[in-house]
Every structure is written in structure tokens, then in C-alpha cells.
Protein chains: 2
Amino acid sequence: MSSVSISDVARRAGVSRATVSRVLNGSTEALVTQGTRTLVRQAVEDLGYHPSAIARGLAGKPMNTVGIILAYELPSVTTDPFLSPVLDGILAVSKRERQKTIIFVEDNWEDAFASLPVYCDGHCDGLVLVAPCTDSQIVGALQSGRTPFVLIGDSREMPGIAVADIDNVAAARLAVGHLLAQGHRRIAALCGNRELLSSHQRLQGYTEALAEWNVPQDNSLILPGQYWEASGSERARLLMELPIGQRPTALFCQNERIAVGALEGLLSLGIRVPQEVSIIGIGDYPAMIGATPALTTVHIPLRKVGERAVEMLLSHVQQSPEREERTILTGWLIERGSTAPPVCDIS
Amino acid sequence: MSSVSISDVARRAGVSRATVSRVLNGSTEALVTQGTRTLVRQAVEDLGYHPSAIARGLAGKPMNTVGIILAYELPSVTTDPFLSPVLDGILAVSKRERQKTIIFVEDNWEDAFASLPVYCDGHCDGLVLVAPCTDSQIVGALQSGRTPFVLIGDSREMPGIAVADIDNVAAARLAVGHLLAQGHRRIAALCGNRELLSSHQRLQGYTEALAEWNVPQDNSLILPGQYWEASGSERARLLMELPIGQRPTALFCQNERIAVGALEGLLSLGIRVPQEVSIIGIGDYPAMIGATPALTTVHIPLRKVGERAVEMLLSHVQQSPEREERTILTGWLIERGSTAPPVCDIS
DNA sequence: TTGTAAGCGTTATCAC
DNA sequence: GTGATAACGCTTACAA
């Protein structure tokens, strides 16, 4: 294939390499005669020439490559209900914009931090960090470098840092607000990984919703944990050990994996959902659509987040004048079968 | 971050760039004095130097990057039950071997063929083609180039072409053999996309199994189609329009998406599975585990195929002496609830 | 053991 | 308009 270089083309066309380059890069169309132009084109065609991305990279041109960094310890990256749509969005826009996509998978953000030099070794024009740990040093390190980057799922306000994320506070407020509107007053919060910002934001949404409805917050109903099914079922079971009066009548699960786990936990205890306890999650993950009863949830446009992240990154890379700094997308409530008004406990 | 070059390090350490390069590449450890060695190391440390991948690429060193090419027209790459485990395997091994992974997603193999120059522009040391279309010119073109490549899911015998795949013939024989052993004699074959080799191989397995049991093949029971749910339900319905005596008592679905569709189709017609009609698929896709009744299937180790593909590719890239050319992995039967002996039709 | 210099395939800055 | 020529950052003979 390649191995035919610009010099070969130049020789064949009887011109200099510079001219070939000019024809190919079409800079200011007028700089080359129509004649030599076609001459060069012909030579390119004959030889099957294609420029080396590496060489032009070295010469200062963009590599047309975006790097995606994600930390994931489990064996399957593609089936994570959060990552999966985000990746799809990223890949879709990358393709549309004719960008190559390098996927860097690390076990955790410490490893990712250690690999920073690799991400910035010239291969990529810019980076997308998917849901970095709040306490990772990576963002700071990246800031003092020259590689443009965009954060997904870490929307703290930081001056000059580009972010694409969903509005976690609003999503949680929507979910908890729905429960409150149905009459629930004892609502447990099953939180996600505390090292992820989303978890704090969703807890804040919970707090805000309660405040809005003038319902006092009972901290014993706020349970830390992980964004996983097992963590959900475990906590759901735990809550059901409470004396009946102190039991929550509804569970606000910070994502849908927790919700699925919680549902399973309750059902295994013979507790009926939503008749005895309501469950709501955040995510609307396609993989969880089969749950019975179907889970009421807040849909969050994750694919869109992935899309916007790449779009923002490219606008940074290309130094567009109107580059956006923050894209925060909002979700919407989807009522299904796992929530209902509480039976007797409208206190 | 970067922008500090090898010259800076050389200057700081008071040596030549060549020496720095020697220290860093550790070629034949003895070539540099312990003294200068530490001197250089120190300078590297102080300046936070990291070599530019593109520069060393230009200089002829490997880029430590593998390219993955897949054609996929639907919006979600990550949720395809075939692609997903393959990708996971690829990503896992890439990570383990410290290779960067570039994912090239194309709408179809014609587009992929057209993009060949991009794949081979120096970015990647080698390529993995996931399930290329049998009639795509891409394999031929790649063959006349110098970029090493491995095929996944296209195990035709081609001299000198590296392949990782599952044994489709054996998988199909396993599935159909199971139905035959249960007493089925009228077994329909719901085929997958004919432009994929797997479909032909699975049909061959069907034929072989019938022959093995001395059951004459009825070509009217062989239905072409696609590897999708809709194509499965459509054909299942069609088959049920046959007069009762000509109806198949079992459906051999060439993958599990077809099987899920077929199941749905039969149930919607009020036909009981497996009491009236048995269904078997190939795949054992995690996403389809919730079907009722649970689908009997042939598990195929797709993740492993992805893993082996990258391992093989790297052994080619690194010119290992013992490089494998073909890895064909076999699946195994998983009996679940969608197959049972036929009621009356043991002819 | 170390330095010098050529080369990898481009692009860009000059002259002409 | 076009052609030398010098970068770009690194590796690697070849000299010393």
C-alpha cells in the first residue's frame, strides 16, 4: 500500500515535493497552475499515493484523532449501561467528523493518571475523559498541558474546563419530586459511588426536592453504596429490617442498576412493588427494560452527552471562535410501573 | 506537558541526542556508561520528558497501535450482541499488551474499502477486521499491502491470511444434532445474512447434521434472511402458515437474535414453545437471557475470539517466529427451556 | 562509550 | 507559480 512517498509523486510528475503538497492540501487554490495540478493528480493516481499521517503529524498538522479515556475494572466495557450509550455517541460523531478514535481503557484513574504521557504523546489532538474520579489528579495535570480535553460526567465548575454532562441535580429532583407528589414522605436514597461527582449531585437533588416540599430530611435514610445491582439489593434488604413505622415507603435509587438490584431485593423478601414500596431510578437503561414491574425512571440523554463531548472537543482542537465550555443536558421522567402512592403512611 | 524534546534532555544532561535515545531505548544495556546513564535519567526526570510517538513512528519504530475495523449501520455499536463481546476481548488484550486501540466504524464494507488508505496511513501497526463481508474487496487489497491484519468471522481458507473465528459448522451441527436427537425430523433453518460467511457455514452444519442422521434435507424449510429479531419473527410466522403436516416441529435459528424473534413470533400466534415447536439458536448472548422460555442455544466464545485476534495480530506485527495463522474456537450446547421432543410427528 | 550526521515523509518559509 | 531548504523529534549507522 503505502511506502510510496511524496517524493515519488514529485518525481513522476516532474515537479517538486512542495508543489505536490500544495496541490494536495489545496491551500489557496490559485497557487498552482491548472496544468501542473492535473499532472500531480495523475501521478498520485498512478502511484496510489496516500500521505502519511505520521509525517504530517510531525510537521505540525492535526492527527485527526481523538482519545477517549475511561476507567473500568470489570471485564466488559461495552455492556456497562452508562458507558455504552456514551461510547456510541462518541463513535458516531467521531465517524461523522472523520476523526479516528483511540480508546484508552484503564483499571482506575490512578493508572490513567500514570498513563497521561501516553495519551499526550502526539497521537491524539484532544482527549475526552469519561466520568473521572473527583479526586483524581488527572484533570489538574491535563490543565497544565497543551492537549485540549473535555470532561464527561464531572461537571464541577472549573474555570476554563470544558464539560459535557447531564444535569444530575435536576434529574434527582425530578425523581424524588415524583415520589413526593405521589404522597411519599419517607423516601430512602440509595447512593452511587461517592468518588463520582454524579452521586453527590444526585444526593443534592434529593435534598432540594425534600426542601421544596417541606419534608424534613432523615439522614438515616441516606445510604452510601455503589452504582451496582448487588449494592442495591443489599441496601433494600437492610432497609426492610427497620420497624414498620420507620421503613421508607419509597426508594430513590441513584441509578437504574441500583434500582434493579433493589427491586430484586424487595421481591425476594416477598415485598410487593409498588404496592408496599415504590422504586424509582435514574438512567432509563435499555438493558433494564425487562424488569417486572417496569421501572419508573428518569431518562438521561447519555448518547447525546457523548456526541456533544466530541463536538466540543473538536471545536477546541480547531480553535473555533465560538467554542462552548459547558453542555449540561436535562433528563425527563418516565412513569412506568414501579411507583405508586403509599398505602397508609401519608403522614 | 510535552513540547520538551530529546534535544532539551540532551542539552541538560550534557550529552548528544543519540545518547539520550540509547539510554531510553535501552538497546543492548552495555552501550552507555552507568554515569551518563543516570545523568540522562535525571534530566528526563527533571524536564518531565516523554518521547513523541509520532516522531519515533516516523523514524521507523512501531506505533504500538492496533486498528479495529467494523462495519455497522445501526446507531449502537456497543449493544450488538456479537460485536460487544468481541470488542471487549479486543480491548482487554490491547490494554494488557499496552497497545492503543483505534476503532474505525464504517457504515458498510464498501465504505471501509474506500477508507483503506486511512487505516494504512501509518497510524496503526496492524488491523483487525471484524466480520467482513465475503464479497468485499478489502481483504484482497489488504493482502497486496504491507500492513499486517487478522480477520475475525471470515474463516475461509486463504493461504497466508490470519483468521480468528468460531467453528460455525460445528456449532450448527451441535444445535441441529440436539434437535435430531430429540426426535425432530422437520427442522427449519432460519438463516442469517448471506453476505456473511458464518451464515453459509452454519447452513453447512445444518446439512451435515441431517446427513449424519440420514434425514433428507427439505430445501423449502431453508429460509434466507437476516441476523435480526424482526427477520426471525417474520419467518417463524410464515412457517406456521404451512399445513400442519408440512410444518416444521423445530426451528434452527442461525443466531440468537433470530431465535428471540422467532420465539416472539410463535408466541404471538399462540403457539407454545417448546410444546408445539422447539427453538434453538446460536450465540448465548447475555442480552437475550431473559427470554421466556429460556432459549436452548450453542454458546460461542466470542470474547475469546477478540482476544486471540489481537494476540495473533501482535505476533505478526512483532514478526514472532511462531505466529499462528488460524484460531478456530468451538462452542458448546446449553440446554434450556426452548427445546423438547416433538409431540406426534416422529415420522 | 559517545558524538556526528543522515534519514523518516511531511509542511512551511523563503527566494526566484 | 514553483523550487530549494529548513524544520518537526526521533532512531541509527558510521565515525571517532
Side-chain angles (χ1 to χ4, degrees), chain A residues 1-41 43-44 47-65 117-118 120-123 125 146, chain B residues 1-41 43-44 47-64 117-118 120-125 146:
Chain A
M1 211 71 216
S2 246
S3 77
V4 34
S5 83
I6 199 173
S7 304
D8 301 319
V9 178
R11 200 171 312 123
R12 171 124 185 173
V15 298
S16 74
R17 296 178 319 187
T19 302
V20 176
S21 178
R22 277 193 280 260
V23 174
L24 263 44
N25 293 318
S27 51
T28 332
E29 291 288 342
L31 285 181
V32 174
T33 313
Q34 194 55 255
T36 48
R37 202 173 205 72
T38 47
L39 218 55
V40 170
R41 288 258 161 73
V44 167
L47 270 40
Y49 165 78
H50 288 285
S52 151
I54 311 221
R56 61 182 359 192
L58 228 206
K61 305 291 273 190
M63 295 290 284
N64 295 319
T65 302
V118 178
C120 301
D121 67 3
H123 228 124
D125 305 317
R146 36 169 92 293
Chain B
M1 211 69 218
S2 244
S3 79
V4 34
S5 83
I6 198 172
S7 304
D8 301 318
V9 177
R11 200 171 312 123
R12 170 122 185 173
V15 299
S16 73
R17 298 180 319 190
T19 303
V20 176
S21 177
R22 283 191 201 102
V23 173
L24 263 43
N25 294 318
S27 51
T28 333
E29 290 288 344
L31 285 182
V32 176
T33 314
Q34 193 55 253
T36 48
R37 204 175 203 72
T38 47
L39 218 57
V40 170
R41 289 257 160 72
V44 166
L47 270 42
Y49 166 77
H50 287 286
S52 150
I54 29 188
R56 62 182 356 190
L58 229 206
K61 306 290 274 190
M63 294 291 283
N64 295 319
V118 178
C120 301
D121 68 3
H123 237 119
C124 301
D125 305 317
R146 38 168 92 290

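All chains are named by letter (A, B, ...) in the order of the sequence lines, taking the proteins before the strands, and each is independently numbered beginning at 1.
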Take atom [atom1] of [X] and atom [atom2] of [N], then tell me their distance rounded to the nearest Å.
{"X": "Leu24(A)", "N": "dA12(C)", "atom1": "CG", "atom2": "P", "answer": "13 Å"}
{"X": "Arg11(A)", "N": "dG9(C)", "atom1": "CZ", "atom2": "C1'", "answer": "13 Å"}
{"X": "Asn25(A)", "N": "dG9(C)", "atom1": "CG", "atom2": "P", "answer": "17 Å"}
{"X": "Asp121(B)", "N": "dC8(C)", "atom1": "CG", "atom2": "C1'", "answer": "15 Å"}
{"X": "His123(B)", "N": "dT10(C)", "atom1": "NE2", "atom2": "P", "answer": "15 Å"}
{"X": "Tyr49(A)", "N": "dG9(C)", "atom1": "OH", "atom2": "C1'", "answer": "7 Å"}
{"X": "Arg17(A)", "N": "dT13(C)", "atom1": "CZ", "atom2": "C1'", "answer": "14 Å"}
{"X": "Leu58(B)", "N": "dC8(D)", "atom1": "CG", "atom2": "C1'", "answer": "9 Å"}

Nearest 0.5 Å, what's the [atom1]-[atom2] distance between [X] and [Y]?
{"X": "Leu24(A)", "Y": "Arg17(A)", "atom1": "CG", "atom2": "CZ", "value": "14.0 Å"}
{"X": "Ile6(B)", "Y": "Arg11(B)", "atom1": "CD1", "atom2": "CZ", "value": "12.0 Å"}
{"X": "Asp8(A)", "Y": "Ser3(A)", "atom1": "CG", "atom2": "OG", "value": "8.0 Å"}
{"X": "Arg37(A)", "Y": "Arg22(A)", "atom1": "CZ", "atom2": "CZ", "value": "11.0 Å"}

For [N], does either OP1 or OP2 sit under 4.0 Å from a side-chain N or O belonging to [X]?
{"X": "Ser52(B)", "N": "dG9(D)", "result": "no"}
{"X": "Ser21(B)", "N": "dT11(D)", "result": "yes"}
{"X": "Arg56(A)", "N": "dG9(C)", "result": "no"}
{"X": "Thr36(A)", "N": "dT2(D)", "result": "yes"}
{"X": "Lys61(A)", "N": "dG9(C)", "result": "no"}

request  = Please tell me which of the listed nucleotides, dG9(D), dT10(C), dG3(C), lies nearest to the side chain of Ala59(B)?
outcome  =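 Closest nucleotide to the Ala59(B) side chain: dG9(D).
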query = When we call it a touch if two heavy atoms are under 4.0 Å apart, what does Ser7(A) touch: a base, just sugar-phosphate, or nothing?
reply =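 Nothing, no nucleic acid heavy atom in range.
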message = Consider side-chain contact (heavy atoms from CB on, under 4.5 Å). Of Val32(A), Asn25(A), Val40(A), which one does Val20(A) pass it with?
response =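 It is Val40(A), the one option of Val32(A), Asn25(A), Val40(A) that forms the side-chain contact (heavy atoms from CB on, under 4.5 Å) with Val20(A).
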message = Regarding dG3(C), can its base be found pairing with the side chain of Arg22(B) as donor and acceptor, where the two atoms are less than 3.5 Å apart?
response = yes
inquiry  = Using heavy-atom distances to pick each residue's nearest nucleotide on DNA chain C, tell me which of Thr19(A) and Ile54(A) is more 5'.
reply    =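 The residue closer to the strand's 5' end, by nearest nucleotide, is Ile54(A).
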ask   = Want to settle it: does Ala55(B) or Gly14(B) sit nearer the 5' end of DNA chain C, counting the closest nucleotide to each?
value = Gly14(B)
